[in-house]
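Data first, discussion second: the structure below is written as structure tokens.
Chain letters run A, B, ... following the sequence lines, proteins first, then strands; residues in each count from 1. Predicted, not measured: the structure shown is a model, and the values here were computed from it.
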Protein chains: 2
Amino acid sequence: MKPPSPTFSPLYRQIRDLAMQALASGEWQPGQAIPSEQELAVRFQVSQGTVRKAIDEMVADKLLVRRQGKGTFVATHSDPHALFRFLRLTPDSGERRALENIPLDCLHARAGQEVARNLELEPGSAVVIVRRVLRDQGVPIVADEIFLPEELFNDLDFAMLQNWKSSLYSLFETRFGQRMIHAREKIRAVAADRPAAEALGISEGTPVLLVERIAYSYAGRPVEWRRGLYLTSGHYYQNELS
Amino acid sequence: MKPPSPTFSPLYRQIRDLAMQALASGEWQPGQAIPSEQELAVRFQVSQGTVRKAIDEMVADKLLVRRQGKGTFVATHSDPHALFRFLRLTPDSGERRALENIPLDCLHARAGQEVARNLELEPGSAVVIVRRVLRDQGVPIVADEIFLPEELFNDLDFAMLQNWKSSLYSLFETRFGQRMIHAREKIRAVAADRPAAEALGISEGTPVLLVERIAYSYAGRPVEWRRGLYLTSGHYYQNELS
DNA sequence: CAGTGGTCTAGACCACCTC
DNA sequence: AGGTGGTCTAGACCACTGA
């Protein structure tokens, strides 16, 4: 009879967890190089191959990026390559262009039932609400309503949104230390209601994509909930299945 | 000056390609165990570690499945675990149930411009067209129109669809040797037209998801194109972003 | 028990980048 | 030249499965 080992965790996974801590604690900053595999092997007292396997997993999760001959870097939303990682909207013809970000307002409020549930907060908790529109060459395509725990984003205000020239997630990462690493979306087709129709410049009742997203940070904590309406007359939501 | 090596391919990738051939040729059948890592190492004259790395990639691509202590197996759509790999529709409340498949018709015809383009065929090529509905506890949820190259599916007929009790992809794999391993979807919100409304039992103009899918087989060849309409009043299309 | 995949190590060498 | 990640090997041992 052998005892069960319910908590068995291979070495490389323990190493990965230590590396995760280094990320979550801010010891390794987005865009910066982490120590070389050799250094980490010495630091963690394991072989280079084990460090390598731990990093392999994190690269697969898009937490780190390898660059041969240069080093291993912490992934960042500020990198242009990552721009479309979470926005799956593609124009019917031609390549993806960067979309213009038009903030509409930014207010501090209390979470209702739905927001609280999705952000795993108590109902009534303080939240920040951002509304904005994305435009493609002047034409509105996306209308977003974004909910954030105020605890983590208390400094966020309208001016900051207007002055920021890159993606929202890049702002969150740079100014608030909150890196979105994973998200889950629920997609439906709905008829645009009055306010949505006005924001998107379409007639009421037009079918639009309703995209609800929960985004998670390092600790697996939900840090953003957003509800977006996508106009899909000239664009489509692209998805890869495998 | 060093010459560029544009065709450099590491050993484990060459091994992977050989394994791919074994899959494509049918030497390794879906659901069956492939030779052990040791045997493959001997057969391909490389170390076990290199075989392992090749298999790692194929497992990541969901072409193979490892089972510790038992062996490595060719993935199959007949496995219940793979049932929802390509169908991302989830009920608002509760767990995913298997959906009832109701074939409507199956006819042989010629490809129009759009179908030909998506299947990479010449316009006018022979194709098989399947129309069917998926129901959740008697309620129609999905109406699909499926286009297949007749060259690969010439025996397919209505009776076969009616008698098959598992998923379509399981049928394709079992009876036609065509395994779908990857797909790309374009998703839009549209208003249901008359025929769609009738098939789904809804009123004309109701917003529905329009999901167009191209599915690819081993050689990266497009083998199926389908256009589906999804009712998203009680279900949603679930997607993971990372 | 033997056979499978899973982990870990140590060392060699290659490819790429920078100085 | 020296540092980085990338590949490949050989061998030891662990964890799981089934006869």
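Look at Thr50(A) and you'll find a side-chain N or O under 4.0 angstrom from OP1 or OP2 of dT9(C). For the pair Ser47(A) and dC8(C), the criterion of a side-chain N or O lying under 4.0 Å from OP1 or OP2 is not met. Phosphate proximity of dG6(D) to Arg52(A): present, with a side-chain N or O under 4.0 Å from OP1 or OP2. Residue Arg67(A) has no polar side-chain atom (N or O) positioned under 4.0 Å from OP1 or OP2 of dT4(D). Contact annotation: Tyr12(B) side-chain N/O to dT7(D) OP1/OP2 distance is under 4.0 Å. Taking only side-chain nitrogens and oxygens, Ser36(A) comes nearer than 4.0 Å to OP1 or OP2 of dT4(D). Between Lys70(A) and the phosphate of dC16(C), there is no side-chain N or O to OP1/OP2 separation shorter than 4.0 Å. Between Lys53(A) and dT7(C) there is a side-chain N or O to OP1 or OP2 distance below 4.0 Å.
Of the candidates dT4(C), dC16(C), dG6(C), the closest approach to any side-chain atom of Gln68(B) belongs to dG6(C).
Glu37(B) comes within 4.0 angstrom of sugar-phosphate atoms only, judged by non-hydrogen atoms across all strands, and of no base.
Each of Arg188(B), Arg226(B), Arg184(B) was scored for a side chain to side chain contact (heavy atoms under 4.5 Å, CB included) with Glu212(B), with one residue passing: Arg188(B).
To the nearest angstrom, C1' of dG6(C) lies 13 Å from CD of Glu57(A). The nearest whole Å value for the distance from the CG atom in Leu64(B) to the C1' atom in dG6(C) is 16 Å. Separating the CZ atom of Phe44(A) from the C1' atom of dT7(C) is a distance of 18 Å, rounded to the nearest angstrom. Spacing between atom CG of Asp56(A) and atom C1' of dG6(C) amounts to 15 Å, rounded to whole angstrom units. In this structure, CD of Gln14(A) is placed 12 Å from C1' of dC8(C), rounded to the nearest angstrom. Rounded to an integer number of Å, the gap from CD of Gln45(B) to C1' of dA10(D) is 15 Å. Atom CD1 of Ile15(A) and atom C1' of dG6(C) are 17 Å apart (whole Å). Summarising the geometry, the separation between CZ on Arg66(A) and C1' on dG3(D) is reported as 16 Å, rounded to the nearest angstrom.
Of the N and O atoms on the side chains of Tyr237(A) and Asn239(B), at least one donor lies less than 3.5 Å from an acceptor on the other residue. For the residue pair Arg221(B)/Tyr216(B), the side-chain donor-acceptor check at 3.5 Å is not satisfied.
Of the two residues near DNA chain D, Gln48(B) and Val51(B), the one whose nearest nucleotide lies more 5' is Val51(B).
Looking at residues two or more places apart in sequence or on another chain, you find no ring-ring contact (aromatic ring centres under 6.0 Å, His included) involving His235(B).
Aromatic ring pairs are classed by plane angle as parallel below 30°, tilted from 30° to 60° and perpendicular above 60°; the pair Phe172(B) and Tyr169(B) is tilted.
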